[in-house]
Amino acid sequence: MFSNFLIGLREGLEASLVVCILIAYLVKTGNRSKLPPIWLGVSIAVVVSLAFGAGLEFGSQEMTFKAQEALGGSLSIISVGLVTWMVFWMRRTARHLKAELHGKLDAALAMGTGALVATALLAVGREGLETSLFVWRAVHAADDGWHPMIGALLGIATAVVLGWLFYRGALRINLAKFFTWTGGMLVVVAAGVLAYGVHDLQEAEFLGGLQNRAFDISATIPPDSWYGTLLKGTFNFQPDPTVLQVTVWALYLIPTLALFLAPVGFGRSVGATDQKTQKATDEKPEADSAGDGARGSDGAEHDGERLRDGARRAGSRTGGDEV
């Protein structure tokens, strides 16, 4: 339930911030009449997201067990990819999100009502589709009835309230830290979803090694205990994973979390600093030699002028003696 609350809160807050930025910009620029197309785009995005989730749920009920497992495992991998891309994208562009949306909205205003609807639809619809896919997969992985769905709805509701408070100026939160913390937790959750997706593909016989267990601590953490249920619902924990599950989990979690927690632009900034330092070092001797040449040229010019002045004075004196 917590993992679904987290994904609902994270994705919902992103969508809420996008809507708030669009609305605030239209109001401040005197374009209140353009608000209905924005709300229409948001409404269409919500309907499309719900329809996508319903299609996943009811469309998979007519499949065989292996087909359901294959679909579930494939969508788990896709949802992990989307969530990973989302957390890195927000980490990189959060500072420039407002300016980017303003630019898109200016272009949409110039193009007309349809472009405004499309801007809101695409901005919110992306978050809605990601949420539907991730929550649907989490619901099936947890096997816990409506609890994961309730967690996601609570997260979305919380995000809507926070978005409204942001718009009213009644709430200030360090969004950079918020998205860093929630992004890190989502990477951990995504690792569990990925491992469970691999298990589904093993049960569908798309991957082998289903009987090759890495360990089995079912006696210590029974799956039907309250803490076993909590771990499964939060991190998709499995007390008897296969070797392939543990391998995939580690290969995803360790490098992804390390890259996510590294400073933004760390590699680029170091490379740029080294290049600038090397360039300054290379240019310094050139500047010195150019300066020496300039000084030598100036000295030669001054010496030439002194020689010419001396010759003119000598000529003047000679002329005077002859007269």
Side-chain angles (χ1 to χ4, degrees), residues 1-11 14 69 72-94 127 130-131 133-144 148 151-152 155 176-204 206-210 212-218 220-221 223 227-267:
M1 184 171 179
F2 172 75
S3 61
N4 291 279
F5 174 83
L6 182 63
I7 190 67
L9 176 63
R10 167 88 186 209
E11 297 278 5
E14 287 185 25
E69 295 301 297
S74 302
L75 291 179
S76 293
I77 295 173
I78 293 173
S79 66
V80 168
L82 289 174
V83 168
T84 305
W85 173 82
M86 176 265 295
V87 296
F88 277 96
W89 177 83
M90 179 55 71
R91 174 178 177 268
R92 185 178 65 254
T93 61
E127 313 296 340
E130 289 177 0
T131 304
L133 178 58
F134 200 91
V135 170
W136 177 82
R137 189 65 209 119
V139 168
H140 281 261
D143 294 327
D144 194 22
K177 290 184 178 180
F178 173 83
F179 284 122
T180 298
W181 281 101
T182 56
M185 287 187 286
L186 278 181
V187 169
V188 177
V189 172
V193 173
L194 179 61
Y196 200 85
V198 169
H199 181 266
D200 283 349
L201 292 177
Q202 288 179 312
E203 289 191 330
F206 272 64
L207 297 174
L210 181 61
N212 189 12
R213 303 292 177 182
F215 54 84
D216 189 349
I217 54 174
S218 301
T220 305
I221 306 179
Y227 46 91
T229 302
L230 178 63
L231 289 173
K232 183 176 178 62
T234 304
F235 303 110
N236 282 280
F237 172 78
Q238 185 177 341
D240 56 343
T242 64
V243 173
L244 183 58
Q245 281 182 271
V246 174
T247 302
V248 170
W249 179 86
L251 289 176
Y252 168 82
L253 179 63
I254 296 173
T256 304
L257 199 58
L259 288 173
F260 181 77
L261 296 178
V264 178
F266 175 73

S.K.: May I ask you to test the L194-I77 pair for a side-chain heavy-atom distance under 4.5 Å?
M.R.: yes
S.K.: Testing the basics here: between Y252 and P255, what is the closest heavy-atom pair and its distance to 0.1 Å?
M.R.: O-CD, 3.7 Å
S.K.: Do the side chains of V193 and V83 get nearer than 4.5 Å, heavy atoms only?
M.R.: no
S.K.: For the CG atom of L257 and the CG atom of L186, what is their distance to the nearest 0.5 Å?
M.R.: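 Answer rounded to 0.5 Å: 11.5 Å.
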S.K.: Side-chain contact test, heavy atoms from C-beta onward, threshold under 4.5 Å: evaluate it for V198 versus W249 and give yes or no.
M.R.: no
S.K.: Minimum heavy-atom separation for V87 to G183, with atom names?
M.R.: CG1-CA, 4.0 Å
S.K.: I need the minimum non-hydrogen distance between Q245 and A195, along with the two atoms involved.
M.R.: NE2-O, 3.1 Å
S.K.: Do other residues, nucleotides or ligands put more than 12 heavy atoms under 6.0 Å from the CD1 atom of I254?
M.R.: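 No, not enclosed.
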S.K.: How close do I221 and P239 get, counting heavy atoms only, and between which atoms?
M.R.: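 Smallest interatomic distance, heavy atoms only, reads O-CB, 3.8 Å.
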S.K.: What verdict does the side chain to side chain contact (heavy atoms under 4.5 Å, CB included) test give for H199 and L210, after you've listed the backbone C-alpha separation in whole Å, the side-chain angles of each residue and the deciding distance to 0.1 Å?
M.R.: CA-CA 7 Å; H199 181 266; L210 181 61; 4.0 Å; yes
S.K.: For F260, enumerate each residue passing the ring-ring contact (aromatic ring centres under 6.0 Å, His included) test, keeping only those at least two apart in sequence or located in another chain.
M.R.: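 So F260 forms a ring-ring contact (aromatic ring centres under 6.0 Å, His included) with F88.
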S.K.: Show your reasoning for whether side chain to side chain contact (heavy atoms under 4.5 Å, CB included) applies to V187 and L253.
M.R.: CA-CA 7 Å; V187 169; L253 179 63; 4.0 Å; yes
S.K.: Does atom CH2 (W181) have a neighbourhood of more than 12 heavy atoms from anything else shown, all under 6.0 Å?
M.R.: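 Result for CH2/W181: open.
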S.K.: Hey, is the main chain of G208 close enough, under 3.5 Å, to the side chain of Q202 for a donor-acceptor pair?
M.R.: yes
S.K.: For N212 and L244: C-alpha separation, side-chain torsions, deciding distance, then whether side chain to side chain contact (heavy atoms under 4.5 Å, CB included) applies.
M.R.: CA-CA 8 Å; N212 189 12; L244 183 58; over 6 Å; no
